[in-house]
K.L.:
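Sharing a structure with you now.
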Protein chains: 2
Amino acid sequence: MFKQGTPSSHFICVTSGLTKIYIEGYGKNLILALVKPVDYIFGPGVYLDNKHYYSASAVEDTTACLVDTSIFKKLIRSNPDFAEDFIKRTSAQTLFNFEQVISLTQKQMHGRIADALFYLSEKIYCTNPFNMTISRQDLADISGMSKESAIRILKEFKEEGILTVDGNIFEILNIKQLKQISETG
Amino acid sequence: MFKQGTPSSHFICVTSGLTKIYIEGYGKNLILALVKPVDYIFGPGVYLDNKHYYSASAVEDTTACLVDTSIFKKLIRSNPDFAEDFIKRTSAQTLFNFEQVISLTQKQMHGRIADALFYLSEKIYCTNPFNMTISRQDLADISGMSKESAIRILKEFKEEGILTVDGNIFEILNIKQLKQISETG
DNA sequence: ATCCTTGATTGATATATGTCAATGGTCAAA
DNA sequence: TTTGACCATTGACATATATCAATCAAGGAT
């Protein structure tokens with residue numbers, strides 16, 4: 001959909017499908033979030049230099065509509081309720097980033113995969129047996145590890161009866177134990 | 001100054017000294033930023049649930065003044081320029097967080113210490129031979145590693161002539177090489 | 001001066017994690 | 001059916017990094 005470093009003149013509203021937004025780092029990508037309908041993609045560059053500071057690409061067939069950022073900015077200036085709501089949203093986003101950073105920097109792989117699984121099940125697909133439409137590489141890019149490592153952790157979870165994987169259908173069997181793993185790092 | 005999880009009813013303006021803001025994670029801390037005069041401490045909780053989502057404590061003797069958040073919120077609603085400026089600041093903050101996350105998750109220790117040294121020299125102390133007023137543990141908490149590892153990397157940099165350390169006076173001798181290390185991870 | 005606390009440093013060791021290479025499965029195009 | 005491309009999986013191995021324990025240096029208080 002767009003690449004890090006390119007000019008950004010619109011903000012994007014995803015109306016169907018699923019999109020990943022990710023930073024292209026040193027040889028690997030870090031997925032910041034998955035965006036599902038109806039949610040917005042609005043990067044920090046909009047109020048700075050009108051560049052994208054992350055890339056976005058569809059992981060499922062996705063439709064979206066674009067809104068010129070100048071319209072958005074006018075709305076912010078003219079409507080205090082809108083501005084306040086926007087600040088609330090970005091605050092929540094920041095909070096989410098905090099949790100993510102702590103997970104990525106202070107937990108080991110098992111805890112990070114656990115967090116990613118909960119993110120997918122609770123926040124993205126919103127069901128428990130859920131259909132993984134993202135690749136193992138994407139899962140690894142969410143959890144900040146190599147895809148081989150991610151696969152190995154999944155295998156361990158399967159062996160311990162925490163998880164079943166049938167094709168791309170994932171089911172978390174033992175939520176409590178997985179929460180435990182998330183907590184203890 | 002305040003602890004993660006406590007209620008936050010004011011925003012803080014640091015008028016002298018140096019303060020670290022950090023997240024208390026699983027057994028270790030992650031320093032998000034150092035705050036020097038004159039800058040503000042304004043967490044994401046202010047517009048959500050009025051709680052602090054990170055802790056702050058002084059690393060040098062620090063004075064600060066407090067402003068009730070309700071005053072701040074009124075200003076946001078009544079003054080579009082102020083609101084826009086605030087959004088710009090938080091955008092810049094978000095951008096900085098992005099760089100930080102990439103550094104922490106995709107670079108190895110040498111690159112992360114290099115980044116931390118540049119942060120201290122260029123953004124915080126703003127001189128090149130600079131007086132490290134933070135501890136090695138703090139340096140480690142900025143770079144997301146154990147203090148022993150941080151010390152070892154510093155030692156290597158000294159041996160390679162990139163850095164001199166005299167007491168708490170640090171001088172980056174070979175900026176170009178250190179940039180190189182930051183780039184190559 | 002001596003003690004005591006705190007932070008810095010060093011070494012030895014364990015382990016978490018990445019890398020590389022090989023294999024297998026699946027699906028679509030020819 | 002066969003081929004090829006792509007993704008998932010597995011194993012063997014190298015190495016980055018944390019942990020633990022010990023030592024050392026510098027002040028402050030008694």
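By convention in this document, chain letters (A, B, ...) are assigned in the order of the sequence lines, proteins followed by strands, and residues within each chain are numbered from 1. Values below: all heavy atoms of this structure, side chains included; hydrogens, waters and symmetry mates excluded.
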K.L.:
Looking at every strand, decide which applies to B:Ser135 at a 4.0 Å heavy-atom threshold: base, sugar-phosphate, or nothing.
P.N.:
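The residue B:Ser135 makes sugar-phosphate contact but no base contact.
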K.L.:
Honestly, is A:Lys73 close enough over A:Tyr47, meaning NZ or CZ under 6.0 Å from the six-membered ring centre and within 45° of the axis?
P.N.:
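Judged by the rule (NZ or CZ under 6.0 Å from the ring centre, within 45° of its axis), A:Lys73 counts as positioned above A:Tyr47.
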K.L.:
Rounded to whole Å, please give me the gap between CD in B:Gln108 and C1' in D:dT15.
P.N.:
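Taking atom C1' of D:dT15 as the reference, CD of B:Gln108 is at 9 Å.
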K.L.:
Using side-chain heavy atoms (C-beta onward) and a distance below 4.5 Å, is B:Thr105 in contact with A:Leu30?
P.N.:
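They are in side-chain contact.
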K.L.:
For B:Met132 and C:dG7, what is the distance between atoms CE and C1' respectively, to the nearest whole Å?
P.N.:
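Atom-to-atom, B:Met132 to C:dG7, this comes out as 13 Å.
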K.L.:
Return the value, rounded to whole Å, for the distance between atom CD of A:Gln106 and atom P of C:dT17.
P.N.:
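To the nearest whole Å, that distance equals 13 Å.
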K.L.:
Between A:Lys158 (NZ) and D:dT10 (C1'), how many Å, whole number?
P.N.:
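Atom NZ in A:Lys158 sits about 12 Å away from atom C1' in D:dT10.
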K.L.:
Can you tell which of D:dA18, C:dA8, D:dT10 lies closest to the side chain of A:Ile151?
P.N.:
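For the A:Ile151 side chain, the nearest candidate turns out to be D:dT10.
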K.L.:
In whole angstrom, give the distance that lies between atom CE of B:Met145 and atom C1' of D:dA16.
P.N.:
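Those two atoms, CE and C1', are 11 Å apart.
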K.L.:
How many whole angstroms separate atom CG of B:Asn168 from atom P of D:dA25?
P.N.:
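Checked: the CG to P distance equals 17 Å.
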K.L.:
Among the candidates D:dT19, D:dT17, C:dG18, find the nucleotide nearest to the side-chain atoms of B:Arg112.
P.N.:
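For the B:Arg112 side chain, the nearest candidate turns out to be D:dT17.
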K.L.:
If you only use heavy atoms from C-beta on, which nucleotide in D:dT9, C:dT9, C:dG11 is closest to the side chain of A:Lys147?
P.N.:
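When the side chain of A:Lys147 is considered, D:dT9 is the closest of D:dT9, C:dT9, C:dG11.
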K.L.:
So, does the side chain of B:Arg136 form a donor-acceptor pair with the base of C:dT10 at under 3.5 Å?
P.N.:
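Between C:dT10 and B:Arg136, which were checked side chain against base, a qualifying N/O pair under 3.5 Å is absent.
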K.L.:
With respect to the side chain of A:Lys155, which nucleotide from D:dG11, C:dT9, C:dG18 is positioned closest?
P.N.:
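Selected nucleotide (nearest to the side chain): D:dG11.
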K.L.:
Take atom CG of B:Asp138 and atom C1' of C:dT6, then tell me their distance rounded to the nearest Å.
P.N.:
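Nearest whole value for this atom pair: 14 Å.
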K.L.:
Nearest to the side chain of A:Met109, which nucleotide is it out of C:dT10, C:dG18, C:dA8?
P.N.:
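From the listed options, C:dG18 comes nearest.
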K.L.:
Should the side chain of A:Gln137 and the base of D:dC7 be counted as holding a donor-acceptor pair, with the cut-off at 3.5 Å?
P.N.:
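For A:Gln137, whose side chain was compared with the base of D:dC7, there is no donor-acceptor pair (under 3.5 Å).
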K.L.:
Below 6.0 angstrom between ring centroids: does that apply to B:Tyr54 and B:Tyr22?
P.N.:
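Ring centroids of B:Tyr54 and B:Tyr22 are no less than 6.0 Å from each other.
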K.L.:
Considering only side-chain heavy atoms of A:Ser149, which listed nucleotide, D:dG11, C:dT9, C:dG18, is closest?
P.N.:
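Out of D:dG11, C:dT9, C:dG18, the nucleotide with an atom closest to A:Ser149's side chain is C:dG18.
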K.L.:
Check whether any side-chain heavy atom of B:Glu84 sits under 4.5 Å from a side-chain heavy atom of A:Ile76, and report yes or no.
P.N.:
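No; the side chains remain at least 4.5 Å from each other.
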K.L.:
Any donor-acceptor pair under 3.5 Å joining the side chain of A:Arg152 to the base of D:dG11?
P.N.:
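Between D:dG11 and A:Arg152, which were checked side chain against base, a qualifying N/O pair under 3.5 Å is present.
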K.L.:
Nearest-Å distance, CD (A:Glu148) to P (C:dA16)?
P.N.:
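Computing the A:Glu148:CD to C:dA16:P distance gives 18 Å.
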K.L.:
For a ring pair (Phe, Tyr, Trp, His ring centres under 6.0 Å) with B:Tyr125, tell me which candidate from B:Phe118, B:Tyr119, B:Phe130 qualifies.
P.N.:
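The option that passes is B:Phe130.
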